[in-house]
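These notes concern the structure reproduced below.
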Amino acid sequence: MQVLVIGSGGREHAICHSLAKSSKVDKLYCLPGNAGIAEIAECVSIGVMEADKIVDFLNNHKDINMTVVAPDDPLAMGLVDILESHGHRAFGPSKAASLIEASKAYSKSLMQKYNIPTAYYREFSDIDLACEYVKSAEYPLVIKADGLALGKGVIICETATEAKIALHDMMVAGKFSDAGSKVIVEEFLHGREVSILCFVDGKTIVPMVSSQDHKRAFDNDEGLNTGGMGTFSPSKIYTDDMAEQVYTEIIVPTMHALNSEDRKFKGVLYFGLMLTDKGIKVLEYNARFGDPETQVVLPRLITDLYDVFDAVIDERLDEINFEWSDNATVCVVLASGGYPENYEKGVPITIGDVDDDIIIYHAGTARVGGQLVTNGGRVIGVTGIGADIDQAREKAYKAVQNVKFAKAHYRKDIGIKL
Ligand code: AMP
Ligand code: GLY
């Protein structure tokens, strides 16, 4: 089988890495890919939003049996629908189903309608009404851009003044362009976060092993929200009882809710959960594998990933017997200096020898004239595999010392918190 993966980050490297292990996959393509992916897949320099060129490419490569659409933007654009309309098999949700991530206003209204537990919220498209509301709201308060904003469209405000600035930035100054013209103003939830990614084919939904992300840029959860600075799996706080409760009260109801709304979801559905003292609530949905959650979850999957994707497309996920390793994994992200705000690209990277039980996932990297250089905010994710989180963490941080580029920054506390 030949498979095309769409995307260029650490998540796509992890997907390619797992597909490369499949006995079914003879050849991998990745579009556009990165320097690490290029070691295991043929990279194609077409952008993820260039639907016409992607269709042309597939029409000219009839041996490709499956296209995996991994990032949010092409999913929200409807790339899966476009590929299917041209007769190509694609893994990922339709445009209609992807709305669960592409619009936070939509996902909040869905949860409200189907009684799926989530934070109390109000939706605003009018800055004056939003400013009036935040005057008398309780703090901290969370303000979220409705649309896709690379994980950065969430601002936690401590005072009404901060809230007004955030509203102005999103709704007037266009900080997240159209994504911020509508906002969600949400109750702040106290608790611990857990990420549960699920394979779903519209009939069956199968949770993967749990993981926890570290979204803030700096140690002790300080600094701005990022796309994710590191992860570990399994979660240290998500018990089997919680998993059972979440499955019946959140996961299955969400699949049914989408079916009832004529938005049948096929692909990976990500549940960002907050464990609060008033119960477990949904913080967000993503219509895709998380990044960097994928870099700790997929290394633990023993089942052939190609078979899983194939079963999802054909709606026979109930036939797959899932096997996961008992190992623990920790992924430390090395980011460019300045990320998640402005940063330089093109900074030379060196990677020394790495031990077994380490996987170096490239995120924002490129090769220029043979030299490996930075090409994004999150540059490399180093995943350590061990018998438990402490061992995996120790291995990951040891390997991080062998990855060097100027102004690199990474959190030193990945996997320490509960
Ligand atoms: P989201 O993109 O909605 O998951 O938000 C990104 C991050 O912001 C989450 O992973 C949380 O760390 C934080 N966050 C979002 N919503 C809330 C909330 N209602 N209460 C507390 N933290 C939140
Ligand atoms: N790590 C969070 C996300 O992928 O959105």
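Whatever order the structure lists ligands and atoms in, that order sets their numbers, starting from 1. The first residue in the sequence is number 1, and the count goes up from there.
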Relative to atom 20 (N) of ligand 1, which among N225, I156, L189 owns the nearest non-hydrogen atom? L189
Could you tell me if any non-hydrogen atom of Y270 lies under 4.0 Å from any atom of ligand 2? yes
Would you call D213 and F232 a side-chain contact if the rule is heavy atoms closer than 4.5 Å? no
N/O donor-acceptor pair under 3.5 Å between S125 side chain and K182 backbone: no
Is it true that H190 lies under 4.0 Å from ligand 1, counting heavy atoms only? no
Which of the atoms of ligand 1 are close to E186, meaning less than 4.0 Å from one of its heavy atoms? 16 (N), 17 (C), 18 (C), 19 (N)
Just wondering, do M229 and K215 contact through their side chains at under 4.5 Å, heavy atoms? no
Proximal atoms of ligand 1 relative to K144 (non-hydrogen, under 4.0 Å): 3 (O), 15 (C), 16 (N)
Min heavy-atom dist K215 to ligand 2 below 4.0 Å: yes
Kindly indicate whether the side chain of T294, heavy atoms from C-beta on, has any atom under 4.5 Å from the side chain of Y361. no
Check each of Q295, E293, E284, E193 against atom 1 (N) of ligand 2 and report the one with the nearest heavy atom. E293
Looking only at heavy atoms, is any part of V142 under 4.0 Å from ligand 1, and if so is it the side chain, the backbone, or both, or is it neither? side chain
For ligand 2, is G227 a contact, meaning one of its heavy atoms is under 4.0 Å away? yes
Compute the centroid of each ring, for Y270 and then for F289, and state whether the two points are separated by less than 6.0 Å. no
Does this structure show an ion pair linking D314 with R89, if we count only N-O contacts that are shorter than 4.0 Å? yes
With a 4.5 Å limit on heavy-atom distance, are the side chains of L258 and L269 in contact? yes
Ring centroids only, cut at 6.0 angstrom: are F218 and H409 within range, meaning strictly under it? yes
Rounded to the nearest 0.5 Å, what separates atom OG1 in T118 from atom CD in E284? 10.5 Å
Can you list the atoms of ligand 1 that are under 4.0 Å from a heavy atom of F188? 20 (N), 21 (C), 22 (N)
Which atoms of ligand 1 have any heavy atom of V154 under 4.0 Å away? 1 (P), 2 (O), 3 (O), 5 (O), 6 (C), 8 (O), 15 (C)
Which of the atoms in ligand 2, numbered in the order shown and given with their element, are less than 4.0 Å from a heavy-atom of G290? 4 (O)
Should you measure from each heavy atom of N286, which atoms of ligand 2 turn up under 4.0 Å away? 3 (C), 5 (O)
Under a 4.0 angstrom heavy-atom cut-off, which atoms of ligand 2 come close to D213? 1 (N), 2 (C)
For R288, is at least one N or O under 3.5 Å away from an N or O on ligand 2? yes
Donor-acceptor under 3.5 Å (T374 side chain, K345 main chain): no
